[in-house]
Amino acid sequence: MRYLQTRALVLSSRPFGETDRLLSLLSWDEGKIVAKAPGARRVKSKLAATVELFTCGNFLLYRGRTLFTVSQAQVETSFRGLMLHVDDYARGVYFAELVERLLPEGEPNPAVFQLLLNAWSILQQGKGDKELLSRFFELRLLMLLGFRPHCDACVFCGNREGPFFWNMAAGGIYCENCRPAQRQGISLSRGTHALLKNLQRISERELATLRARQTQQKELADFTACFIQYWTDTGPFKSLSFLQEIRPQV
Amino acid sequence: MLFSPALNRLAEAFRRLPGIGPKTALRLVYHVLSMEESAVQEMARALVEARRRVRECASCRNLTEEENCPICRDPRRDPSSLCVVQEPRDVPVIEKSGAFRGRYFVLHGALSPVEGRGPAELKIPLLLQILSRGEVKEMIIATNPTVEGDATAYYLAEKARPLGVKVMRIGFGLPVGGDLEYADELTLKRALEARREML
């Protein structure tokens, strides 16, 4: 089949050549794919609006030797409301960047598709705590890709009583008794541990009612950022640095 | 594969330009070889001179050879109206329309989290400094109608509003000569939102 009709999310849309755009799409049927949108930067292009970031649409793609070419596209939902606030915009881009960099190419994963779609939607609606939404997204994505941090009990002895510590090589948390001889590892407060377990368990709908202290949020953000970098072998995320840069000005 | 290190170096140099692949680079190499030596020297001189002499205007960040660009120096331009554009190449495009007689500010990009391009890289603090002097009454944001361009526009509007500047966004809608039937939903939606009374 040279043509592929698919529902897809636009993860990134970059200028390509004179007037084209190069898209990274998360297709429901094909997973992450790269497609060229010819002429999409021309003023009169029919594709221009449909191949923008934060778009969920129906795409007709022609399968080429190295990449797909967009033949037709129709917007199903556009999350352009995320652009109204720079914090939402950066967070929406961060979610897309996480998916783009962690998901292997050409492996369909409808659960990840739904997770990103829901996350953009919640972000646009402005419901709940955005920092917690980010942590929820990170943890759920890790779980769907097989990198779930082990946080229910000590990874070494199964002890369920705190206090707990973490370092990345352990792949989760460990108790005082199993703490390595050099006494390495970062302490995880009781509240943050509870928050971490909660975020791994609850649904997107329950997320709106969840609250956490600033210190817990900071502790958890450090944990997930280190975990993602260590276990997925990705470098730093520029969109996350951008979020930190704009934070004091928001 | 070229059997001359000098030609290989030249092909590599061409490949650094945007949109030039290995085949186009080779084509350019052969074209340069067929040119008169004086023309090649002129081209090389032009490249070096442009790179050496052109810099950013101290007021608007447009490209110029002087401290201030001709538009910023022109006393006939309206200093109360400032048009913010994404790239230096956008200035001549707006100038060609003949519809704007104010001054410009060039961002040299748009806010891009994925490329790590934040407000500091775009010299937004410099723009806010210009706005806070009180001379500018109206700021027209003419960044591209893309996600990045729009996010930059909303960010600028949020920052400029407390300074008492009237913030405007260039209009969006159907291109002149276009057919309504072939317009996409988002463009049509924006065109309807930005409708105006006739006469």
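Order of the sequence lines fixes the chain letters, A, B, ..., with proteins taken first and strands second; residue numbering starts at 1 for each chain. Quick note: numbers below take in every heavy atom, side chains included, and nothing from hydrogens, waters or symmetry partners.
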### Task
Against chain A, work out which of S112(B), A183(B), A157(B), A120(B) has the most heavy-atom pairs shorter than 4.5 Å and name it.
S112(B)
### Query
Of all heavy-atom pairs between V34(A) and L67(A), which one has the smallest distance, and what is that distance?
O-CB, 3.6 Å
### Query
What option among K44(A), E97(A), R41(A), M83(A) has the most heavy-atom pairs under 4.5 Å with chain B?
M83(A)
### Message
Report which part of R190(B) has an atom under 4.5 Å of a heavy atom belonging to chain A: side chain, backbone, both, or neither.
### Response
side chain
### Query
Does D88(A) come within less than 4.0 Å of K130(A), counting only side-chain N to carboxylate O?
yes
### Message
Whether E30(A) and R63(A) form a salt bridge (side-chain N of Lys/Arg under 4.0 Å from carboxylate O of Asp/Glu) is what I want to check.
### Response
yes
### Query
Hey, would you say the F113(A) and W28(A) ring centroids sit under 6.0 Å apart?
yes
#### Entry: R91(A) versus chain B, the contacting section by heavy-atom distance below 4.5 Å
neither
### Message
Counting only non-hydrogen atoms closer than 4.5 Å, can you tell me which residues of residues 124-154 of chain B sit against chain A?
### Response
P145(B), T146(B), V147(B), E148(B), D150(B), A151(B), Y154(B)
### Under 3.5 Å: donor-acceptor pair, side chain of R101(B), backbone of G98(B)
no
### Task
Measure from the side-chain N and O atoms of H108(B) to the backbone N and O of R61(B), and report whether any donor-acceptor pair falls under 3.5 Å.
yes
### Task
For the residue pair S241(A) and E245(A), confirm or rule out a side-chain donor-acceptor distance under 3.5 Å.
no
### Any side-chain donor near an acceptor of the partner, E138(A) and Y94(A), under 3.5 Å
yes
#### Entry: Max heavy-atom pair count under 4.5 Å with chain B, selected residue of K238(A), H85(A), K46(A)
K238(A)
### Query
What part of S78(A) is in contact with chain B, defined as an atom under 4.5 angstrom from a non-hydrogen atom: side chain, backbone, both or neither?
side chain
#### Entry: Centroid-centroid under 6.0 Å between F95(A) and W120(A) rings
no
